[in-house]
Amino acid sequence: MAKAEQVLSLEPQHELKFKGPFTDVVTTNLKLGNPTDRNVCFKVKTTAPRRYCVRPNSGIIDAGTSINVSVMLQPFDYDPNEKSKHKFMVQSMFAPADTSDMEAVWKEAKPEELMDSKLRCVFELPAENDKPARVRCAQTILPDSPPIYQIYPFPEKEASILKEEDGLRMRKVPQTNNPISPSAAAVKDEGLSSRLLALVVLFFVFGVIIGKIAL
């Protein structure tokens, strides 16, 4: 007996694309629509159950409504030379009158009642232009690089004022080769006076001695 055709609409229909980098969880969405006038049970299966988390992975879609299924790829070491062999299958069937025990419903379903659609997984790395600006900066500046300081020029008016002030300061300060402070000059004068006084006293003493000898 031929297999029943899938009544659910899938967006996307054939591929689930996951865009890297894959150092963190990458999520893509799968929209399931029910265009019929009956409720439809669904279940999402994958060939790599340890690599993905699917929410919700099963349930009932009411007639004329749709739901979004989040498919989350877990972090892994991406190899661009390795093609993905991961696949997903959306299995469905019309909901019976009693859906209180969904595990039993799926277990008792007949093969001709089951419908399915298959999707393959595609891994893509973002293009250089799609990368955030902060990521590009982090790649071009090393963590241990010294900070870069930028010198902003003064406006012309402020620059001319600074030059005039510098010229005034230069004219006010006298340029001397051997500057001597006032206190040092005073000490020098006192020393000369003391030496002259000592010479005068010395000549006086010699004069007295010579006078006594002559008498």
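Predicted model only: the values in this text are computed from it and were never measured.
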- Below 4.5 Å, heavy atoms only, C-beta onward: do L114 and Q91 meet side chain to side chain? yes
- Query: Going through the checks in order, is the side chain to side chain contact (heavy atoms under 4.5 Å, CB included) test met by S84 and R120?
  - Reply: CA-CA 8 Å; S84 172; R120 69 187 188 94; over 6 Å; no
- Out of curiosity, does V7 fall in the hydrophobic cluster containing V69 (side-chain heavy atoms, cut-off under 4.5 Å, transitive links)? yes
- Hey, any chance F94 and I60 share a hydrophobic cluster, counting ILVMFWY side chains that come within less than 4.5 Å of each other, even indirectly? no
- Item | Audit row: M115, L8, side chain to side chain contact (heavy atoms under 4.5 Å, CB included) steps and yes/no | CA-CA 9 Å; M115 301 167 281; L8 296 179; over 6 Å; no
- Task: Could you tell me whether D101 atom CG has more than 12 heavy atoms of other residues or ligands within 6.0 Å of it?
- Result: yes
- Item | W106 to S92 - nearest heavy-atom pair and separation | CH2-CA, 4.0 Å
- Do the rings of F123 and Y78 sit parallel, tilted or perpendicular, given the 30° and 60° boundaries? perpendicular
- Just how far is it from atom OG1 of T46 to atom CG of N57, taken to the nearest 0.5 Å? 11.5 Å
- Task: Quick one: do K87 and K118 satisfy side chain to side chain contact (heavy atoms under 4.5 Å, CB included)? Show the steps, please.
- Result: CA-CA 7 Å; K87 293 181 181 179; K118 296 177 181 178; 6.0 Å; no
- Would you mind reporting whether Q74 and V25 have side-chain heavy atoms less than 4.5 Å apart? yes
- Message: Quick check: is F22 connected to L16 through a chain of hydrophobic side chains (ILVMFWY, heavy atoms under 4.5 Å apart)?
- Response: yes
- Any chance you could measure E108, atom CD, to E103, atom CD, to the nearest 0.5 Å? 10.5 Å
- Message: Once you measure the plane-to-plane angle for Y52 and F18, does it fall in the parallel (<30°), tilted (30-60°) or perpendicular (>60°) bin?
- Response: tilted
- Query: Can you check whether S66 reaches L32 side chain to side chain, under 4.5 Å on heavy atoms?
  - Reply: no
- Message: Using only atom types and a distance under 3.5 Å, with no angle test, would you say the side chain of N34 pairs donor to acceptor with the backbone of I61?
- Response: yes
- Counting N and O atoms only, with roles assigned by atom type, does the side chain of D116 sit under 3.5 Å from a partner on the main chain of V90, one being a donor and the other an acceptor? no
- Query: Measuring from N29:CG to I67:CD1, what's the distance to the nearest 0.5 Å?
  - Reply: 11.5 Å
- Please check if V54 and V26 belong to a single hydrophobic cluster, counting links between Ile, Leu, Val, Met, Phe, Trp and Tyr side chain heavy atoms closer than 4.5 Å. yes
- Message: Tell me the closest heavy-atom pair linking P12 and L119, and the distance in Å.
- Response: O-CD2, 3.4 Å
- Task: Locate the shortest heavy-atom distance separating A63 from R38; write the atom from each residue and the value.
- Result: CB-N, 3.6 Å
- Apply side chain to side chain contact (heavy atoms under 4.5 Å, CB included) to N68 and L30, showing your working. CA-CA 6 Å; N68 286 319; L30 173 64; over 6 Å; no
- Query: Can you tell me how far the CZ atom of F76 sits from the OG1 atom of T23, to the nearest 0.5 Å?
  - Reply: 10.5 Å
- Item | Rounded distance [0.5 Å steps], CD in E15 versus SG in C121 | 9.5 Å
- Message: Do the side chains of K19 and E124 get close enough for a salt bridge, i.e. N-O under 4.0 angstrom?
- Response: no
- Query: Looking only at heavy atoms, what is the nearest atom pair of M102 and C41, with distance?
  - Reply: CE-SG, 3.5 Å
